Each structure stands twice: as C-alpha cells, then as structure tokens.
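Here's the structure, in structure tokens; my notes come after.
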Amino acid sequence: MTTSIVLGAGMVGVSTALALQESGHQVVLLDRQAPGRETSYGNAGIIQTEAVEPYAFPRSLNEIARVALKRGNDVDWRLGDMRRLAGPLWRYFTQSAAAPYARTVAAYSQLALRASDDHARFIGPAGAGELIVRQGWRAVYRTPANFEAAAAAAERLRRVYGVPSDVLGADELAASEPALLRRLAGAVHWTSPWTCRDPGELVARYAALFVARGGTLACGDAMTLQRNGAGWRVMSEDGVVGAENAVIALGPWSPTLAKNFGYRIPMVFKRGYHRHFSGQDGPRVSMLDVDNSTLIAPMNAGWRVLTGAHMAPPGAAPASRQIRHATNIARQLFALGEAVEPTLWSGTRPCMPDMLPVVGPTRHKGLWFHFGHGHQGFTLGPTTAFLLAELMTVGCTKPLILPLLPSARGWA
C-alpha cells in the first residue's frame, strides 16, 4: 500500500487526504491546528460553481488608479508591504492580459463547474448535509448602470458556460428580501452554488470522515519536513512520521516550506476579514453588495460580514479600514445587532499570478504540490484533490490537470 503525508488540514489538505484514501493510499494528515481552523474557517462558505472566471488584475488605467488611491473597499494595501509583493503582483498583471487570461479561464471554468458534484462525494458520507443550503446567493447593485451591466454579464455566462441565474429588478429583490432596509437597483441571483453555514465545521466533518475510514490525524509542524532515504519524514507530537509521498497543501504557508527545497513560488497574498453579528433580520441567502465589496452570509454563528482583499504578506499587521466600512454598509442594508466576537477574524488567500492552483509533482521524487487556489480553496479543494489523487495513483495526466502542473509554470 502506498503511504502519503498530507501537510495542511484546510479544505484543500483534508480533501487531498480523503481522495488519496479513496485511491488506496495509507494517509497521515498533519497540521499544527485542528482541521479547518485557519483560512478555511473564515471564508464566505460558498461553493461557487458560478465563479468560472477568476479575479483578474485591473488592466485599465482608471481601475489601477482607483485601487492605488484606495477609492473603493475591494482592495486595501500598505506601501511598506509592496516591496515583498511587487514581483508576484507584476506577474499577476501580465497574466491578466487578454491572451494568458483566456488560457486560464479555459482551465479554471472546467474546475468550477464540477465543484458541487465533487463536494457531494464527501458531504453525505461526512454527515454534513444540514450545513449545506442549496439556494444560491445574490449579488446586489445600487445603481441602474451597474445592475444592467451585471445582468448582461450574467447572460454571457449562461450562454458561454451554462451558468444559471435569475435577474431580479428592484421590486423583485425587495419582495425576495423583506428585511432589506434600502431599495436597491436590482440583483443577480446565482442559483447553482451551494452555501455552507459553518465552513470550518464542514472541513472538520470531512476530516472526521477521513479518520473514520482509517486515516491518521497528527499534530505537528510541517516545516520539519525532510528527505528520508527514498521517502519523506516529518515530526509530529507523537514522533516521526514517514511515508513515500509528501503533499504540501499549506495554502499561504506553502511557499515557505517549498523554499527549503529550492523552489521559488511567486504567490500573491490577499487577506480577508470577517466578523459575526447578532440579530433576527438579515438576508435569506448570502448577499454581496458589489459596489461596496461587502458580503453578508447567514451562518450558525450569526451574520458573517466579509470584506474584499487586503494585499498583505503573511505576518503583516491586520488593518481595520475594510471591515469598518463593510460593517457600516451591512447595517445600511439590514438591522444587524452587536458583534458576536470581541475581535475580527482575518485569513490569507493564497493566489497564484496566473490564477490557477498548483497541482502535481515536483523535481523531488515523492514531493507534490497542492496549493494556490486563491479565493476558491473552499470551492475547488475536492475537485483538484481528485485530480491529484489520480495522478499520484495511476500517473494519469488528463488534459484538465496539465495547466495546473508545477512543471507547466516553470516551478518544478
């Protein structure tokens, strides 16, 4: 039986452990914390099958100037952090040009469209059905011009990719969301995505399924990974763990570990913030105020208010501008109560300059990469895990995985 260590117990790592286990591997899943307590805990909880086109870097001068001057709430940044981020951001800019972006979308869209089917392979066996709501989510718009542009874009996605949606005018939106305090221009209701009322708990349920099927969950420091003859070893609290394969699935911490073995991974780090609020009246389904980059999601812990992206490397001090603005916007829309937690939560999205996750073998025998899912690790974790497991088990390189390989990007 093939033995494998998976390093990182977020959605991507836990999904990797389950997929390898289903393929016949004996797997140890190692992290310093319990499963689902880092970045996977704090996302919007949406399995975004409509997200067929990833976030590109702004290309117009007006958009770049708007971000540079912090005129919106979608992006924040600090001048002192730019030295560490400049190289990957420049690659992100160049990869967002029309030709490379089209190549990215050709692969990315196929991953997104199958995401809910891949999650379904775990949700039922994990006993997690009550965490999942199959009612989609809404993007709302404050101005007629932005609403009309969004409706046209939704129609294009339906025509090109088959992504379903309902376009709601101001009256239809008001009737659909009776707790809404302000009249808005309209909304696009993306009807195919599933939402999760506790993303961290979903990851924990997946991890419990892995253990119930015979997998081993270990607490330890992934940064202790070393070569061990023809295989790999890492230190856990219970001693040395050895295996033939090691999979780096550490999200934003992956480049740090990869650097120990000579790999230079140009990752773009986008931090997000959230806070939960009490209250009886909120949106019936998750709602994004697009013009203010504020998302309000119904969660078991309360109404989760989430922000746009803060361009900040790991270890940088948190910033409060975006979450303060998002809280004010959320309270314009709904009668939210007091904050549930004393402090805000923050987590870092591991984004690659070409907007594709990194999935596949390295030049070190038995060392595999599985990270860089950007905004969609929660969505795509199972999908890319199944692709990786097939590659590791039978050596099958299907066309879908080819653009995801480290060697295709010059990193292996």
Side-chain angles (χ1 to χ4, degrees), residues 1-31 35 107 111 118 206 210 215-218 220-234 236 241-267 350 352 354 356-374 377 380-412:
M1 179 180 289
T2 304
T3 57
S4 298
I5 305 166
V6 176
L7 304 170
M11 177 59 81
V12 172
V14 172
S15 298
T16 304
L18 277 167
L20 287 172
Q21 188 180 59
E22 287 190 3
S23 298
H25 291 234
Q26 181 180 331
V27 183
V28 175
L29 175 63
L30 181 139
D31 203 325
L111 299 174
D118 290 324
Y206 287 1
F210 163 73
T216 300
L217 189 61
D221 184 359
M223 299 302 163
T224 63
L225 182 69
Q226 295 180 348
R227 293 293 299 269
N228 183 32
W232 297 87
R233 58 177 284 180
V234 68
S236 76
V241 177
E244 299 163 62
N245 299 299
V247 181
I248 298 178
L250 293 167
W253 298 278
S254 298
T256 301
L257 179 53
K259 188 176 180 180
N260 292 344
F261 303 99
Y263 300 95
R264 299 293 185 269
I265 309 298
M267 186 173 282
M352 304 312 301
D354 62 1
L356 290 172
V358 184
V359 186
T362 71
R363 62 177 176 269
H364 289 77
K365 179 176 172 54
L367 183 65
W368 303 77
F369 287 167
H370 191 200
F371 55 79
H373 294 68
L380 298 179
T383 296
T384 53
F386 286 124
L387 292 173
L388 177 63
E390 186 175 22
L391 180 59
M392 291 178 66
T393 304
V394 299
C396 178
T397 51
K398 290 183 177 178
L400 183 55
I401 202 173
L402 293 178
L404 313 183
L405 296 172
S407 58
R409 336 276 265 280
W411 301 328

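Numbers here simply count residues along the sequence, with the first being 1. Nothing here was measured: the structure is a model prediction, and the numbers come from that model.
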Selection residues 223-232 - residue pairs positive for side chain to side chain donor-acceptor pair (under 3.5 Å), sequence neighbours left out
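Qualifying pairs: none.
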
How many angstroms lie between OG1 in T383 and CG in L111, if you round to the nearest 0.5 Å?
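So the OG1 of T383 and the CG of L111 are separated by 6.5 Å.
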
Nearest 0.5 angstrom please: L225 CG to N260 CG, how far?
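Taking CG in L225 and CG in N260, the distance rounds to 8.5 Å.
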
Restricting to side-chain contact (heavy atoms from CB on, under 4.5 Å), what partner residues turn up for P350, sequence neighbours left out?
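Applying side-chain contact (heavy atoms from CB on, under 4.5 Å) to P350 gives P252, M267.
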
Could you work out, with side-chain contact (heavy atoms from CB on, under 4.5 Å) as the rule, every residue matching V28, not counting sequence neighbours?
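So V28 forms a side-chain contact (heavy atoms from CB on, under 4.5 Å) with T216, A218, V241.
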
Is there a donor-acceptor pair closer than 3.5 Å between any side-chain N or O of R409 and the backbone N or O of D354?
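Judged by distance alone, no pair lies under 3.5 Å.
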
Would you say E244's side chain and T3's backbone share a donor-acceptor pair under 3.5 angstrom?
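Yes, because the side chain of E244 sits within donor-acceptor range (under 3.5 Å) of the backbone of T3.
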
Over all atoms of both residues, closest heavy-atom pair of V359 and P406:
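Minimum heavy-atom contact is O-CD, 3.6 Å.
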
Is it the case that R363 places NZ or CZ above or below the six-membered ring of F261, under 6.0 angstrom from the centre and within 45 degrees of the axis?
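No, cation not above the ring by the 6.0 Å, 45° rule.
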
Show, in sequence, the C-alpha distance, side-chain angles and deciding distance for V247 and M392, and conclude whether the side-chain contact (heavy atoms from CB on, under 4.5 Å) test is met.
CA-CA 10 Å; V247 181; M392 291 178 66; 3.9 Å; yes

Can you give the donor-acceptor pairs under 3.5 Å from side chains of residues 17-27 to other protein atoms, not counting sequence neighbours?
residue, atom, partner, partner atom, Å
Q21, NE2, F210, O, 2.9
E22, OE1, R121, NH2, 3.3
E22, OE2, R213, NH1, 3.0
S23, OG, A19, O, 3.1
H25, ND1, S4, OG, 3.0
H25, NE2, T393, OG1, 3.0

Taking it one step at a time, do L405 and L391 satisfy side-chain contact (heavy atoms from CB on, under 4.5 Å)?
CA-CA 11 Å; L405 296 172; L391 180 59; 3.9 Å; yes

What's the verdict on side-chain contact (heavy atoms from CB on, under 4.5 Å) for V234 and L30, showing C-alpha distance, side-chain angles and the deciding distance?
CA-CA 9 Å; V234 68; L30 181 139; 3.8 Å; yes

Among residues two or more places apart or on two chains, list those pairs meeting ring pair (Phe, Tyr, Trp, His ring centres under 6.0 Å) that have a residue in residues 383-404.
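Only F122-F386 qualify under ring pair (Phe, Tyr, Trp, His ring centres under 6.0 Å).
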
Would you mind writing out the side-chain donor-acceptor pairs for residues 366-374 within the sub-3.5 Å range, not counting sequence neighbours?
residue, atom, partner, partner atom, Å
W368, NE1, N245, OD1, 3.2
H370, ND1, T16, OG1, 2.7
H370, NE2, T384, OG1, 2.7
H373, NE2, T384, OG1, 2.8

Can you confirm whether I265 sits close enough to V358 that some side-chain heavy atom of one is under 4.5 Å from a side-chain heavy atom of the other?
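In short, these two side chains do not touch, never coming nearer than 4.5 Å.
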
